[in-house]
Asker: 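Pasting a structure here, questions to come.
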Protein chains: 2
Amino acid sequence: MGDASGYEIKKLLEGPFSHIHEASFGAIYPALARLQEDGLVTCEERSQEKRPDKKVYALTQRGRFDLIQELTVIPGPDRIRSDFLVLMLYAHLLPPAHIANVIETRLGILTSLLAELENSDTSPVPAGEESSAEFVRGYGKAVLQAAQHYIEENRHLVEGAALVAGGARSETDEKKERPAGVAAE
Amino acid sequence: MGDASGYEIKKLLEGPFSHIHEASFGAIYPALARLQEDGLVTCEERSQEKRPDKKVYALTQRGRFDLIQELTVIPGPDRIRSDFLVLMLYAHLLPPAHIANVIETRLGILTSLLAELENSDTSPVPAGEESSAEFVRGYGKAVLQAAQHYIEENRHLVEGAALVAGGARSETDEKKERPAGVAAE
DNA sequence: GCAATCATGTAAAACGTTACATGATTCG
DNA sequence: CGAATCATGTAACGTTTTACATGATTGC
């Protein structure tokens, strides 16, 4: 999708592409070095003023060919690790105030990911790639919004869990507790 | 969520929990062995007729305590690797027939995952965990359905070239991959 | 002044998958 | 009769994170 440095790739994977894939610097930099060794990308060093130098990588013809080869494999199901959902599965074991806190944090995460997707609407995309990029962005929006709405409308299922079981509600949250949404009943 | 063997845990992560987390046998069996060594689970060997023996693991009190400790960490964003979305990002580089095939396969995967979630509605859940389990199942349904609907209504964005090329959309496409790859435009 | 952003990279350690080994039973 | 399901496990290999190292500039 155009030339980029390792740092820029990381930022993309944290922002508008966070619903697609993730990678750390320790994965990205060695990968770029390997690709360059194999002649699949070229590297152009750019000096910048008031900023560290950067290395901008670009696909070679062989690189593009190899990419296409990789892409012909029919993809299996997405691989997901949701610490959030694992936690929700055991919501009944935890203090309701903590669950409320987790839910608020999650809604904040979803809101900021959606905001980043909206922002990237206006960012330029190379010719011929507009509709592919639009499809992927739209997919992210649809899924993130579904998650957001579902959580908003069903949070009572996990925040109410211990209300039934216990008589007293303890304020013994050793973490920083910011309720903000426990009341509704 | 009750006692289980390694094999059963794997089946859960392939079926009703596939939208939460994944793990292979090579991760599960060593993990169970470690947990047992640390006294966090107990293991009961059960002989079965006409089936291999199985080892049924159960959380100990210390195991449950440790679990709760782990769960008090506020979860970050979900970690996702979607080969499907990566491919869609480069849809414009691939033959439209191949994209159509990939889309059909994906819709099939989503349908079967949803079916498994519906099935698990009727499976028994230990007392006190009903609403947590329901929340997580409902989340999965909401998100998978959103993906399904989005793909159905926006597949033209990535299959676009096929529309230009003319009507003949072959239903004879198998789930098998055709190594076409280089096929010209 | 302190934290964050920009920017690249290495090495140890942790993590996880894949492939293999074994073997009975059931389904088509 | 071959494939899938049930069932556990190991080892090699590959991948990935985490932590460290460095350093200028910008924002609060």
Side-chain angles (χ1 to χ4, degrees), chain A residues 3-18 20-38 40-58 70 73 75-83 86 112 116 119, chain B residues 3-18 20-38 41-58 70 73 75-83 86 112 116 119 123 175-176:
Chain A
D3 306 348
S5 66
Y7 191 85
E8 286 161 356
I9 291 170
K10 181 75 196 301
K11 291 297 131 186
L12 287 173
L13 294 177
E14 278 172 1
F17 291 164
S18 64
I20 301 179
H21 217 278
E22 55 149 11
S24 63
F25 285 128
I28 292 169
Y29 287 125
L32 286 170
R34 253 180 284 128
L35 288 170
Q36 193 185 355
E37 254 183 71
D38 297 351
L40 304 176
V41 297
T42 56
C43 175
E44 189 201 337
E45 244 160 303
R46 273 189 215 161
S47 307
Q48 300 177 115
E49 299 207 2
K50 314 214 169 184
R51 289 260 173 280
D53 295 358
K54 63 156 96 172
K55 293 180 166 188
V56 177
Y57 294 88
E70 298 290 336
V73 178
D78 296 351
R79 284 155 291 167
I80 295 174
R81 330 202 126 187
S82 176
D83 291 342
V86 170
S112 71
E116 252 156 333
N119 286 350
Chain B
D3 305 348
S5 67
Y7 190 84
E8 286 161 356
I9 291 170
K10 180 76 195 301
K11 290 298 131 185
L12 287 173
L13 294 177
E14 277 171 3
F17 291 163
S18 64
I20 301 180
H21 218 277
E22 55 150 11
S24 63
F25 285 129
I28 292 169
Y29 287 126
L32 286 170
R34 253 180 285 127
L35 288 170
Q36 194 184 354
E37 252 183 72
D38 296 351
V41 297
T42 55
C43 174
E44 190 201 337
E45 245 160 302
R46 274 189 214 162
S47 308
Q48 300 177 115
E49 298 206 5
K50 315 212 170 186
R51 288 260 173 281
D53 295 358
K54 63 155 96 171
K55 293 180 167 187
V56 177
Y57 294 87
E70 299 289 336
V73 177
D78 296 351
R79 283 155 292 169
I80 295 173
R81 329 204 124 187
S82 176
D83 291 342
V86 170
S112 71
E116 252 157 331
N119 286 351
S123 73
K175 281 191 174 183
K176 290 217 170 182

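Labels below follow one simple rule: chain letters A, B, ... track the order of the sequence lines, proteins then strands, and each chain is numbered from 1. Side chains are part of it too, since the values below use all heavy atoms of this structure and drop only hydrogens, waters and symmetry mates. Everything numeric here is computed off the predicted structure, so don't read it as measured data.
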Asker: Enter the distance from Glu116(A):CD to Ser18(A):OG here, rounded to the nearest 0.5 Å.
Answerer: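 Atom-to-atom, Glu116(A):CD and Ser18(A):OG are 7.0 Å apart.
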Asker: About how many Å separate OG of Ser24(B) and OH of Tyr29(B), when rounded to the nearest 0.5 Å?
Answerer: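 So the OH of Tyr29(B) and the OG of Ser24(B) are separated by 11.0 Å.
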Asker: In Å and rounded to the nearest 0.5 Å, what is the NZ to CD distance from Lys50(B) to Gln48(B)?
Answerer: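 Between Lys50(B) NZ and Gln48(B) CD, I get 13.0 Å after rounding to 0.5 Å.
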Asker: What I'd like to find out is whether the side chain of Val86(A) reaches to under 4.5 Å of the side chain of Ser82(A), using heavy atoms alone.
Answerer: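 They are not in contact (no side-chain heavy atoms under 4.5 Å apart), so the answer is no.
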Asker: Between atom CD in Glu8(A) and atom P in dC6(C), what is the gap in whole Å?
Answerer: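 After rounding, the gap between these two atoms is 10 Å.
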Asker: Between Lys55(B) and Tyr57(B), is NZ or CZ placed under 6.0 angstrom from the six-membered ring centre and within 45° of the ring axis?
Answerer: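 No, cation not above the ring by the 6.0 Å, 45° rule.
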Asker: How far does CD1 of Ile28(B) sit from CZ of Phe25(B), to the nearest 0.5 angstrom?
Answerer: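 Spacing of CD1 (Ile28(B)) from CZ (Phe25(B)) equals 6.5 Å.
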Asker: Below 4.0 angstrom from OP1 or OP2 of dA7(D), is there any side-chain N or O of Ser5(B)?
Answerer: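 Negative; the distance criterion is not met.
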Asker: To the nearest 10°, give me the bend of the helix from dG1(C)-dC28(D) to dG28(C)-dC1(D), comparing the axes of its five terminal pairs at either end.
Answerer: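 Roughly 60° between the end axes, to the nearest 10°.
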Asker: About how many Å separate CZ of Phe17(B) and CD1 of Ile80(A), when rounded to the nearest 0.5 Å?
Answerer: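 The CZ atom of Phe17(B) is 14.0 Å from CD1 of Ile80(A), to the nearest 0.5 Å.
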Asker: With rounding to the nearest 0.5 angstrom, report the CG to CD1 distance, Asp3(B) to Ile9(B).
Answerer: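 Going from CG on Asp3(B) over to CD1 on Ile9(B), the span is 10.0 Å.
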Asker: Whole angstrom is fine here: how far is it from CD in Glu44(B) over to P in dA7(D)?
Answerer: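 So the CD-P distance, Glu44(B) to dA7(D), works out to 14 Å.
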Asker: Would you list the protein and nucleotides 9-17 of chain C atom pairs, both N or O, that sit under 3.5 Å from each other?
Answerer:
unit_1	atom_1	unit_2	atom_2	d
dG9(C)	OP1	Lys55(A)	NZ	2.2
dG16(C)	OP1	Arg81(A)	NH1	2.6
dT17(C)	OP2	Ser24(B)	N	3.2
dT17(C)	OP2	Ser24(B)	OG	2.9

Asker: So, is Tyr7(A) near the phosphate of dC6(C), with a side-chain N or O under 4.0 Å from OP1 or OP2?
Answerer: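 Answer is yes, contact under 4.0 Å.
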Asker: Would you say a side-chain N or O of Gln48(B) is under 4.0 Å from OP1 or OP2 of dC6(D)?
Answerer: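 Negative; the distance criterion is not met.
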Asker: In whole angstrom, give the distance that lies between atom NZ of Lys10(B) and atom P of dA7(D).
Answerer: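 After rounding, the reported distance stands at 14 Å.
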Asker: Check the distance between dC6(D)'s C1' and Ile9(B)'s CD1 and give it to me in whole angstrom.
Answerer: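 Taking CD1 of Ile9(B) and C1' of dC6(D), I get 15 Å after rounding.
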Asker: Is there side-chain contact between Arg79(B) and Asp83(A), with at least one heavy-atom pair below 4.5 Å?
Answerer: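 When only atoms from C-beta onward are counted, Asp83(A) and Arg79(B) do touch, with a gap below 4.5 Å.
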Asker: Polar atoms only, N or O, under 3.5 Å: list the protein pairs with nucleotides 20-26 of chain D and their distances.
Answerer:
none

Asker: Does Val41(B) form a side chain to side chain contact (heavy atoms under 4.5 Å, CB included) with Gln36(B)? I'd like the steps, not just the answer.
Answerer: CA-CA 5 Å; Val41(B) 297; Gln36(B) 194 184 354; 4.0 Å; yes
Asker: May I ask you to decide whether Arg34(B) forms a salt bridge with Glu37(B), counting only side-chain N to carboxylate O separations under 4.0 Å?
Answerer: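 No, no charged N to carboxylate O under 4.0 Å.
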